[in-house]
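Note that the coordinates shown come from a computational prediction; the quantities given were computed from them, not determined experimentally.
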Amino acid sequence: MASDTSEQRPKYQRIADDLKAAIESGEYGPGDRLPGESALAAQYEVAALTARQALKILRIEGLVETKKGAGARVIEFRPIRRHGIQRLAREQWGAGKSIWSADEERPVTIDVRVDTVAAPAHIARMLDLEESELVCARSRRFVLADRPVMLATSYLPLGLVEGTAIMRVDTGEGGTYARLAELGHAPAHFREEIRCRLPVAEEAEGLAMPLERPVIKLCRTAFDVGLQAVEVNEMTMDSAAYVLEYAFDA
């Protein structure tokens, strides 16, 4: 007879699973307060520490937020649906629209810093540059509904973009890709690589998220029509803030 694997799971995990199911079914909606540690401990006949561990799992997964004296509440934040293919279409940035607007109508705050730096070794390889050759580094922090959701740094060959609007904080309508098009190096092909891992301390701090929650690491390389790499964009996203959607024809 097959064993009941659910009964073999730690008690705190079973409590967390029950709470997640209740959230997904709508029993607890955005902003609703979950039962506290004492109530959960009594309901499941476990120690308060076990109930605390269950609530911690929900916090790590981005389902609830906890505030001292207020207990755990279901997060009201609606995840960003990132349209992985449509957002990069020339019809988007070529028409003066931001890439972000393909994903979201909600207003976003973007903190931008532009620096000239020596290319990290892996960036130099990807851009076919000499090691430590100077590049333009555009670093951004995206904040939606008072929540940091993504850190991103784009690297572009300095010899290509020096003295152009790409070196400014505000690159103008259509953003960096529209400016590259004006330079005769419009992106014609993209490659994205995606992986997940736990954040380093600096990433967790920048995204105001727990160290135990994974981040999505996405690296996009943009190539012009001659397949010259003109930008490498390294993104770090809060995994609880995003849904990655890829829709394309067979």
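- Residues I80 and W100 form a side-chain contact, since some pair of their non-hydrogen atoms from C-beta on lies under 4.5 Å apart.
- Linking Ile, Leu, Val, Met, Phe, Trp and Tyr whenever their side-chain heavy atoms come within less than 4.5 Å leaves I110 and Y155 in two separate clusters.
- With rounding to the nearest 0.5 angstrom, the CD atom of E173 is 8.0 Å from the CZ atom of R179.
- For the atom pair CZ of R141 and CG of D111, the computed distance is 6.5 Å after rounding to the nearest 0.5 Å.
- Cluster membership for L183 and L134, using ILVMFWY side-chain heavy atoms within less than 4.5 angstrom, is shared.
- The two residues E104 and P79 make their nearest non-hydrogen contact at OE2-O, 4.3 Å.
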- Between T50 and Y44, does a side-chain contact (heavy atoms from CB on, under 4.5 Å) hold up when you go through it step by step? CA-CA 10 Å; T50 301; Y44 287 91; over 6 Å; no
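- Of the inter-residue distances, the one linking H189 atom NE2 with Q228 atom CD reads 14.0 Å to the nearest 0.5 angstrom.
- In terms of modelled atom types and a separation under 3.5 Å, the side chain of R73 and the main chain of E65 share no donor-acceptor contact.
- The cationic atom of R106 (NZ for Lys, CZ for Arg) does not lie both less than 6.0 Å from the six-membered ring centre of F142 and within 45° of the ring axis.
- The number of heavy-atom neighbours closer than 6.0 Å to CD of E182, taken from other residues, nucleotides and ligands shown, is above 12.
- The two residues T153 and S139 come nearest to each other via the heavy atoms OG1-OG, 3.3 Å.
- With rounding to the nearest 0.5 angstrom, the OG atom of S98 is 6.5 Å from the CD atom of Q92.
- No side-chain heavy atom of E162 sits under 4.5 Å from any side-chain heavy atom of C136.
- When the side chains of ILVMFWY residues are joined at heavy-atom separations under 4.5 Å, either directly or via intervening members, M209 and L244 end up in two distinct hydrophobic clusters.
- Between R140 and N233, some side-chain heavy-atom pair lies under the 4.5 Å cut-off.
- When all heavy atoms are compared, the tightest approach of Y177 to P187 is CD2-CG, 3.5 Å.
- For the pair I166 and L180, the minimum side-chain heavy-atom distance is below 4.5 Å.
- Side-chain contact check for L63 versus L19: every heavy-atom pair is 4.5 Å or farther apart.
- Around the NZ atom of K97, the shell of radius 6.0 Å holds no more than 12 heavy atoms that belong to other residues, nucleotides or ligands.
- Residues S132 and A118 share a closest heavy-atom pair of O-CB, 3.6 Å.
- With contacts defined as side-chain heavy-atom distances shorter than 4.5 Å, the pair Y12/V46 does not qualify.
- Look at R14 and D17 and you find no salt bridge, because none of the NZ, NE, NH1 or NH2 atoms lies under 4.0 Å from a carboxylate O.
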- Query: Yes or no on side-chain contact (heavy atoms from CB on, under 4.5 Å) for I15 and Q43, after CA distance, side-chain angles and deciding distance?
  - Reply: CA-CA 10 Å; I15 297 171; Q43 178 183 347; over 6 Å; no
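- No chain of hydrophobic side-chain contacts below 4.5 Å, direct or via other Ile, Leu, Val, Met, Phe, Trp or Tyr residues, connects V230 to V117.
- Inter-residue side-chain proximity for L211 and L198 is flagged as unmet; no heavy-atom pair is nearer than 4.5 Å.
- Residue F248 places its CZ atom among 12 or fewer non-hydrogen atoms of other residues, nucleotides or ligands, all under 6.0 Å distant.
- Looking at every heavy atom in both residues, L218 comes nearest to Y246 through CD1-OH, 4.3 Å.
- Here CD of E76 is found 9.0 Å from CG of D32. Values are rounded to the nearest 0.5 Å.
- Annotation: side chain of P10 is not in contact with side chain of Q53 (no heavy-atom distance under 4.5 Å).
- Within the structure, salt bridge (charged side-chain N to carboxylate O under 4.0 Å, His left out) contacts touching residues 189-198 (residues at least two apart or in different chains) are R82-E192, R191-E193, E192-R220, R197-E203.
- To the nearest 0.5 Å, the span separating CD on E231 from NE2 on H185 amounts to 14.0 Å.
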- Query: Under the side-chain contact (heavy atoms from CB on, under 4.5 Å) criterion, do M167 and V161 qualify, and how do the steps go?
  - Reply: CA-CA 7 Å; M167 299 292 293; V161 303; 3.9 Å; yes
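- Criterion: ILVMFWY side-chain heavy atoms under 4.5 Å apart, direct or through other members. Under it, I194 and V215 are not part of a common hydrophobic cluster.
- Put simply, the side chain of R125 never gets that close to the backbone of E130: no donor and acceptor are under 3.5 Å apart.
- Within a 6.0 Å sphere centred on NZ of K217, heavy atoms belonging to other residues, nucleotides or ligands number more than 12.
- For H122, there are no ring-ring contact (aromatic ring centres under 6.0 Å, His included) partners two or more places apart in sequence or in a different chain.
- With D238 contributing its side chain and V149 its backbone, the two residues share no donor-acceptor pair below 3.5 Å.
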- Run the numbers on L127 and V232 for side-chain contact (heavy atoms from CB on, under 4.5 Å), then give the verdict. CA-CA 7 Å; L127 290 174; V232 175; 3.8 Å; yes
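- Contact detail for P214 and S239: the closest heavy-atom pair is O-OG, 2.6 Å.
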